[in-house]
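Structure first, then comments.
No experiment lies behind these values; they were computed from the predicted model shown.
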Number of protein chains: 2
Amino acid sequence: MTENKEMQSAISMQALRRLPQYYSYLKLLEAEGIETISAPAIAKRMNLNDVQVRKDLASVSLSGGKPKKGSNVHDLIRDISHFLGYDNVREAVLVGAGHLGSALLSYKGFEEYGMKVVAAFDNDPDCVGMKHFRDMIYPMQKLSNLCTRLNIRIGIITVPKHAAQEVCDALILGGVQAIWNFAPTHLLVPKGIHVQNENMAVSLAVLSQYLIDV
Amino acid sequence: MTENKEMQSAISMQALRRLPQYYSYLKLLEAEGIETISAPAIAKRMNLNDVQVRKDLASVSLSGGKPKKGSNVHDLIRDISHFLGYDNVREAVLVGAGHLGSALLSYKGFEEYGMKVVAAFDNDPDCVGMKHFRDMIYPMQKLSNLCTRLNIRIGIITVPKHAAQEVCDALILGGVQAIWNFAPTHLLVPKGIHVQNENMAVSLAVLSQYLIDV
DNA sequence: TAGATTGTTAATCGATTAACAATC
DNA sequence: TAGATTGTTAATCGATTAACAATC
């Protein structure tokens, strides 16, 4: 998945991937009006080890817990939000307004996670997205230029695989630094650009493994 | 991501996730007419260690490579395909024919990866999928029953999060054993059922980490 | 108090990488 | 032959888990 390993931070990749899941569970608790939660309780619900939970939370939270009570749910939510940049919404562009692109455009949850798609690009006037998101869809030619002008750092690629590399190049030309690639292809990028592949085949491989010999 | 850790197999989860990526690169080589490839060459292209590549491939391939030449591309493709079950297409159902569901329905690549979506379910006659995939969309009431009758083992959930648990229960009632969950919520399932969460927030967290302080 | 929970240090586990002899 | 590559064994690295004293 991760192409580039040069990220520096106090937290491990594994822990980073668990944080959004703690966040989601904590939001659930918050909605239920629960004010404190212990590490063992979180661990049990999420099928994790309690020491791991404590370490993960300690790495992003300043407050810490109280013996016999646990940690404050609001504080944890605030600290994870902050660490993951949820309180600092970044603008992104999306290229390819077919079914998948439209699905992402209509997903309103991104903003809660610190990302907002401000423009989409597609050349096909008949593409699915054109019907639902007409006002934010621009022709592909404007891609690089608009990215530069709006100072966009995140590009989302949802075009068919044969067009992905070209789109990727245009995004980089426009100054994009992180690419979320949904096309099932390997993109070649210069050093310093992060590509994150959302690869269905990888997920499917893991899923299928559970069914072998059943 | 992975809820259930009881999978038994000779291969590690990490290696399993790399296999589809080797496969994809090998298919590219095959298309270019290249007949043999060395582990160091694969490693270089995919930013991996060459020993790791050799071990990964050895764990699924019978043939092995030849000093100074490497391995046969066709043989590797065949062995990975076989290991990942690509030559043994499994039938799946999809629930929720909105944008995301339609995107998955229109993705023809799944069959190459050993999965075929044979039916989709949605109650809304105005859903996006209804326009494009009318003939394979059934009302939700038929879900459990059809799964049982067709002996379906894989269910894909692409409904909004408030409906996900209910859909999940219906799938399990119908005998589904593996669930690919695209709804941003934690599903509660009995022991023995595998849930694989495709969580955009997790991916986004990793992606954003690369942009912090930029 | 007793006992649940905390945070930390040490042990374990598993995956990656280095080293090396064998092969074509 | 020389050198690239193989497969395997040993060392390293990193993450998880166990053990434990401190706290409310």
Rounded off to whole Å, could you give me the [atom1]-to-[atom2] distance for the [X] and [N] pair?
| X | N | atom1 | atom2 | value |
| --- | --- | --- | --- | --- |
| B:I42 | D:dT5 | CD1 | P | 12 Å |
| A:M46 | D:dT17 | CE | P | 13 Å |
| B:N49 | C:dA19 | CG | P | 12 Å |
| B:M13 | C:dA15 | CE | C1' | 14 Å |

Checklist entry - Closest to the A:V51 side chain: C:dT8, D:dT16, C:dA4? => result C:dT8
Checklist entry - Where the side chain of B:S38 is concerned, which of C:dA10, D:dT5, C:dA18 is the nearest nucleotide? => result D:dT5
Checklist entry - Does OP1 or OP2 of D:dA4 have a side-chain N or O of B:R54 closer than 4.0 Å? => result no
Next on the checklist: Is A:Q14 close enough to D:dA15 that one of its side-chain N or O atoms is under 4.0 Å from OP1 or OP2 there?
Outcome noted: no
Item to check | Pairing partner (Watson-Crick or G-U wobble, both distances under 3.5 angstrom) of D:dA22 | outcome: C:dT5
Checklist entry - Which base sits across from D:dA15 as a Watson-Crick or G-U pair, both distances under 3.5 Å? => result C:dT12
Side chain of [X], backbone of [Y]: donor and acceptor closer than 3.5 Å?
| X | Y | answer |
| --- | --- | --- |
| A:T36 | A:N72 | no |
| B:S24 | B:P20 | no |
| A:S59 | A:D56 | yes |
| B:E198 | B:W180 | no |

Next on the checklist: Just to be sure I understand the rule, does B:K68 reach a base, reach only the sugar-phosphate, or reach nothing, if contact means heavy atoms closer than 4.0 Å?
Outcome noted: base
Checklist entry - Contact class for A:A39 vs. all strands (heavy atom < 4.0 Å): base, sugar-phosphate, or nothing? => result sugar-phosphate
Item to check | Base of D:dT23 paired with side chain of A:K69 (donor-acceptor, under 3.5 Å) | outcome: no
